[in-house]
There are 2 protein chains.
Amino acid sequence: METLSERKKRILHAVVASHIKTADPVGSRTVARTYRMGLSSATIRNEMADLEEMGYLEQPHTSAGRIPSQKGYRYYVDHLMTESKLSEEEELNIYRSLNAEKMREIEQIIVHAVKVLASVTKQTSLIMGPQFQKSTFQQMRILPLDEKRGLVVLITDSGFIKNKVIKLNQSLSPMELQQVVSYLNQKLYGLSIDQVTTTLINELKRDLFRRLEILEQAFILLEESLREEQQARVYLGGTTNILSQPEFKSVEKIHRMLSLFEQESLLFEILEKNLTEDDSIVVKIGTENEYEGIHECSLITATYKIKDRVLGTIGVLGPTRMDYRWIIAVLRCLVDKLNRTLSSGL
Amino acid sequence: METLSERKKRILHAVVASHIKTADPVGSRTVARTYRMGLSSATIRNEMADLEEMGYLEQPHTSAGRIPSQKGYRYYVDHLMTESKLSEEEELNIYRSLNAEKMREIEQIIVHAVKVLASVTKQTSLIMGPQFQKSTFQQMRILPLDEKRGLVVLITDSGFIKNKVIKLNQSLSPMELQQVVSYLNQKLYGLSIDQVTTTLINELKRDLFRRLEILEQAFILLEESLREEQQARVYLGGTTNILSQPEFKSVEKIHRMLSLFEQESLLFEILEKNLTEDDSIVVKIGTENEYEGIHECSLITATYKIKDRVLGTIGVLGPTRMDYRWIIAVLRCLVDKLNRTLSSGL
DNA sequence: TGTTAGCACTCGAAGGCAAGGAGTGCTAAC
DNA sequence: GTTAGCACTCCTTGCCTTCGAGTGCTAACA
C-alpha cells in the first residue's frame, strides 16, 4: 500500500467521517468548509481526484460527490482511525443493561449480550454460542423418570448443560444405572466433546455389554444426543435494525439479508472465519467477507472467553458505511464485561 | 347481516376469489368473463355497485376495480367458502415433513411444526409453546453437581422438562437432599404450576425449615425458576415470507411487522385471544384483531393438544387477502397430525 | 510550482404534462 | 330486468424540462 501525503490523509479522513455521518456522497466544498482544511475547494478537488485514481474514493456518478471505496475504508481503519474510549455514560449504560437481570446459565447471558449489543449499536449483532463440541466433558448423570424413561444430563466445563429424555426398553434398577453412569464418568472425564467419537463410544459399549446387555437403547440415544448439536448455535439481535439503514431501502436487499439471518449454519461459518485466539478485534470490510451475500456489509467481531478459554465470536454486521471507531469501542467494552461475567458467574 | 340474493353471492364470491388470486382490484369485465356468470359486464357492474353500497366491496379509486372489504371477507368466510380437503399429495407432503426427523421433546416438535406450516403456506406462522404454567407438576429432582451447585429438574405431565443450576451456599449431603426432594414431590404432585404459588412455597418452606435450615438458598432459586417462565414462548416460522407479499412492499410496513415479530409477549397476547377449548378454527380478519398493528392482516388459528388437553395455539398470519379456504385446510391437516404425534410420541 | 477563481459541463432528482388504458356510471334501447 | 354504448375518471407510464450540486479544466496569481 502506497503512502499518502499528510494532506491526502486528512482529506480521506474527512470524506470517510462525513460519509459515515450523513450517508451522502461528500463534495469538495463540504470537506473544505466543514473540516477547515485551510484550502479552497478547488485544491481539495484536485486531491480528491488523485485519491479516486488511487482507488481510495469513488464516484457514484460524475456530478456527485465522492464516497470511500472499500480500499478507502480499509485505509481508514488501519491508519487513520484513532481508538476511542466510550464516554462514562455509554459505558455505564452497557454495564447496567448487562447486569439488568441475574442470569445463571451461559445461554441466557449470551442471548442477553447480543441483544444489548444490537440495541446500543443500532445494528444487527450476532454471537456464536459456546461451542459444545469444544467443551470438555465433566460429568454425566442418568435420572430415571419412571420405568420406561430416563433423563440424561450432560455437564461440561463451560457451564453447558444438555439434557435429553431417553426411552429405555427395559426397566433398569437404579443400581444398574448407577454402575453404568459412574463407569462412563470415569472414562470420559476431561475429554472434549469432539473427542467422544463414535468409535470411542463403541468401545465403551462393548466393554459395558459384557456386564450389562440391557443398555443398547440407552446408548444409541446417548450417541444421538452427542451428535445432534454438531454445530454451535448462532443468536441474533436487532435484525430489524438494518431496515433503518438507508443502504437497505430496497425490498430485495432486505429480503436477501433477512433470508441470510434465517440460515444459521451459514452465519456460523461466517463467524467462524473470524475466530481468533487473541484479544484482537477483526474487521472485515465488504468483499473481504467470503460469503458474497454480505459483500456490501462489514463485519466487526471479537472473541469472548471464559477464563482464557475462547468460547466463540460476537460481532456486529452492518453496511460498509458504519462507524467503525465507535462500534469497535462498544464491542471492546461489551466483550470485556461479558468475559468477566462469564468467568466469575457460574 | 342482511341476506344477499343468490346472484350477489355469486358475484361477491367471484370477486373474492379473483382478488385472492391476483391481488389486483377486479372489474366487472373480469367477473363476467372469467367466472361465466351468463350476464353482461354492465349487469354485474350494477350488482357490484350495490355490493359496494352495502359494504361488502370497496374501490381503491373511481376508475379501478373493486376489492373485498373486511366485511366482504367475513361474509365469504362465513357463508360462501366451502371447506376444502387437501389433495393427497399436499397431505402427504405435510406428513412427510413432520416425520422428517424423529423428535423426542415437545419443544422440538413444535418448532418444527411451525416451520413446516410456514413453508407450506408461504406465510408467517406462529405457535404458542405449551403453557408451562398450566401443566401439572409430576416430579422434581435435585441433582448435586458438586459441593456448591445442584441441578434442579422439574418434570410436568405435558413432557416439559425444565432445569436450572442452583448455587447452594452450604454443602448438602445426598441424604438431606433426598429428604427434601421426596417431601416436595409428595406435596406438589398433580398441582398445576399455576397453583404452586409463592404462599404455598412459603408454607412448605416453613415446614421444611424446622427440619433442615440449610436450604433457604435452594428454595429462593427454586421459586425463581418457577416464576421465570411466566409466559409461554412463541415460536415463529417464515417471518421473511411477508416480504414476498405485494401488500408489504413499503419498507415502513415491513418494519412494523418485523418489529412486532420481535415482541414475544405481544404475540403471546394475540395468540391467547384466539385460544378455544374446542376443535374449531378461528379466523380473525383485519380489525377483528384487537392489536392494531395487524389491522391489515388476518390471523387463522387452531389449538393443538396432547390427549385432549389443550396446550396452545398455532396459526398463520398474513394479509387480509389470503387464501382462507386453503390455509384452513392446511392448518386442519397439520394440527391433526401434530396432535397425534404429541399424544403418541412421548 | 502550488493554489485558487471562474466557468462550462454532467448527471441525477423532482416536477409537470400528455398519452394510454382499465374501469365506472349513466342513459337509452331491447 | 338486462344490455350496449359512451362519456368520464383517474392511475400509470414515459418523456421532457428544470434545478442544483458537484466536477474538471484553464488561466491567473503568489
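Letters go in sequence order (proteins before strands), and every chain restarts at 1.
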Residue matched to [N] through Watson-Crick or wobble contacts both under 3.5 angstrom:
N: D:dC6; result: C:dG25
N: C:dA19; result: D:dT12
N: C:dC30; result: D:dG1

Selection from [options] that lies nearest to any side-chain heavy atom of [X]:
X: B:Arg45; options: D:dG22, D:dG24, D:dC6; value: D:dC6
X: A:Met48; options: C:dT24, D:dT23, D:dT2; value: D:dT23
X: A:Arg7; options: C:dT3, C:dG25, D:dT23; value: C:dT3
X: A:Ser40; options: C:dA5, D:dT3, D:dT23; value: C:dA5
X: B:His61; options: C:dC11, D:dC10, C:dT4; value: D:dC10

What's A:Thr43 touching, base or sugar-phosphate or nothing? Going by heavy atoms closer than 4.0 Å.
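Base: the residue A:Thr43, judged by heavy atoms under 4.0 Å, touches a nucleobase.
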
With a non-hydrogen cut-off below 4.0 angstrom, is A:Ser28 in contact with a base, only sugar-phosphate, or nothing?
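Sugar-phosphate contact only.
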
Mutual orientation of the aromatic rings belonging to B:Tyr73 and B:His19 [parallel < 30°, tilted 30-60°, perpendicular > 60°]
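Answer is tilted, since the angle falls between 30° and 60°.
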
Are B:Glu262 and A:Thr239 close enough that a side-chain donor and a side-chain acceptor fall under 3.5 Å?
yes

Do other residues, nucleotides or ligands put more than 12 heavy atoms under 6.0 Å from [X] [atom1]?
X: A:Lys284; atom1: NZ; answer: yes
X: A:Lys115; atom1: NZ; answer: no
X: A:Glu296; atom1: CD; answer: no

[X] [atom1] to [N] [atom2], straight-line distance once rounded to whole Å:
X: B:Ile44; N: C:dT24; atom1: CD1; atom2: P; value: 10 Å
X: A:Gln59; N: C:dC9; atom1: CD; atom2: P; value: 18 Å
X: B:Glu6; N: D:dG1; atom1: CD; atom2: C1'; value: 18 Å
X: B:Asp24; N: C:dA22; atom1: CG; atom2: C1'; value: 11 Å
X: B:Asp50; N: C:dG25; atom1: CG; atom2: C1'; value: 13 Å
X: B:Glu53; N: C:dT24; atom1: CD; atom2: P; value: 16 Å
X: B:Met37; N: D:dG1; atom1: CE; atom2: P; value: 20 Å
X: A:Ile67; N: C:dG12; atom1: CD1; atom2: P; value: 14 Å

Is there, by distance only and without an angle test, a donor paired with an acceptor across the side chain of B:Arg29 and the base of C:dG23 below 3.5 Å?
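Counting by modelled atom types and ignoring angles, no donor-acceptor contact under 3.5 Å is found here.
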
Record whether the side chain of A:Arg66 comes under 3.5 Å of the base of D:dG24 through a donor-acceptor pair of N or O atoms.
no

Under the 3.5 angstrom rule, does the side chain of B:Thr320 hit a backbone N or O of B:Gly286 as a donor-acceptor pair?
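The answer is no, because no donor-acceptor pair under 3.5 Å joins these two groups.
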
Would you mind telling me which residue lines up with the more 5' stretch of DNA chain D, B:Asn46 or B:Thr62, judged by nearest nucleotide?
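Mapping each residue to its closest nucleotide by heavy atoms, the 5'-most match is B:Asn46.
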
